[in-house]
J.: 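Below is one structure. I have some questions about it.
Because the structure is a prediction, the values reported are computed rather than measured.
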Amino acid sequence: QLVVWNPKKMEVTGTIPLPQTVREGYLSYYGLTAIRRGDHLVFSVGWFDWNTNDTILGETGLVVLDTETDEVVRFDLDERCAGITQAIETENGDAYFVSSAMASAAHLLDKLDVAPCALRIRAEEEAFDADYAADLSELSGETIVGEPAPGTGNVVLLRALAEDAVEISDETLTWNLTGVPEWRWLAWNVATDSVEELTNVPPATADAFWFRVEGEVLASQTNADYSQTELVLVDSDNAVESRVTFPGFLQNLARVR
């Protein structure tokens, strides 16, 4: 369920049940970023089993929520892409729902049939484009690729791991791959479908969180033992530059007004 909270009154005013998002044996992972379409909010749902079988369900859910009535307008399922945890909205208003690094790792380990991928919702629309499903491995030439962050213009940033950077055995788990500090940054121009590597920032683990601060985009870089997090700035040319380093694993920011 979702909790409806009034921040001005500091009150919880209700809940929104989401029984359609339940999958037995899986955690329902609601998208970290919702897309607004008028009075509607649109967000994805992925299904992860981290505790028992280290698997991901091979489909993506899409919830369309009416913010005026606090009711679910529609719930869609799409089997073309899986393991999505967030969406990136580009300059033209289109939203790209990109599979996570964990999903690409699961695919490499034969724990997920669906290859690294991206779905799209066009500007002003609130359903996945039936004619669009991008194969990220084909676009980038990388086997293990995903985990989006916003670039500028029509660029979506991705993380990629060279397959020869890791040793894989029958005991390898998805987080054994996502925790390798060899994930590189790629810039994917969704308008031209061109992908280039950003070489001015060192590799890190796949755990990239991003934040918009006064029009700028900051993304996180985490080292091998998660003892340090570096925030990097994505500039107007989609270059990445180091800004500040924190001890520990930074997962979110809060702004005090």
J.: May I ask you to test the Leu109-Thr174 pair for a side-chain heavy-atom distance under 4.5 Å?
T.: yes
J.: In this structure, which one of Val145, Leu157, Leu136 forms a side-chain contact (heavy atoms from CB on, under 4.5 Å) with Leu186?
T.: Val145
J.: Flag the pair Arg184 and Glu197 as a salt bridge only when some basic side-chain nitrogen lies within less than 4.0 angstrom of an acidic carboxylate oxygen.
T.: yes
J.: Verify whether one side chain among Trp210 and Gln86 offers a donor that lies under 3.5 Å from an acceptor in the other.
T.: yes
J.: Would a distance-only check, ignoring hydrogens and angles, find a side-chain to backbone donor-acceptor pair under 3.5 Å from Ser137 to Glu142?
T.: yes
J.: Between Ser194 (side chain) and Asn189 (backbone), is there a donor-acceptor pair under 3.5 Å?
T.: no
J.: On the six-membered ring of Trp47, is Arg23 placed so that its NZ or CZ lies under 6.0 angstrom from the centre and within 45° of the ring axis?
T.: yes
J.: If we ignore hydrogens and angles and just use 3.5 Å, is the side chain of Ser99 paired with the main-chain N or O of Cys117 as donor and acceptor?
T.: yes
J.: Ignoring hydrogens, what is the shortest heavy-atom contact between Asn92 and Ala123? Give both atom names and the distance.
T.: O-CB, 3.5 Å
J.: What heavy-atom pair brings Val45 and Phe75 nearest, and what distance separates the two atoms?
T.: CG2-CE1, 4.5 Å
J.: Using a strict threshold of under 4.0 Å (side-chain N to carboxylate O), is an ion pair present between Arg243 and Glu241?
T.: yes
J.: With no hydrogens and no angle check, is any side-chain donor or acceptor of Asn223 less than 3.5 Å from a backbone partner on Gln228?
T.: yes
J.: For residues Thr229 and Phe249, report the shortest heavy-atom separation together with the two atoms involved.
T.: OG1-CA, 3.4 Å
J.: Could you tell me whether a side-chain N or O of Ser100 sits under 3.5 Å from a main-chain N or O of Gly83, the two making a donor and an acceptor?
T.: yes
J.: With sequence neighbours left out, which residue pairs that include part of residues 8-22 fulfil the side-chain hydrogen bond (donor to acceptor under 3.5 Å, both in side chains) condition?
T.: Thr21-Tyr30
J.: Got Ile88 and Phe97 here, is their nearest side-chain heavy-atom distance under 4.5 Å?
T.: no
J.: Check whether Arg37 reaches the backbone of Asp39 with its side chain - one donor and one acceptor, N or O, closer than 3.5 Å.
T.: no
J.: At their closest point, which heavy atom of Ile56 faces which heavy atom of Tyr26, and how far apart are they?
T.: C-CE2, 4.1 Å
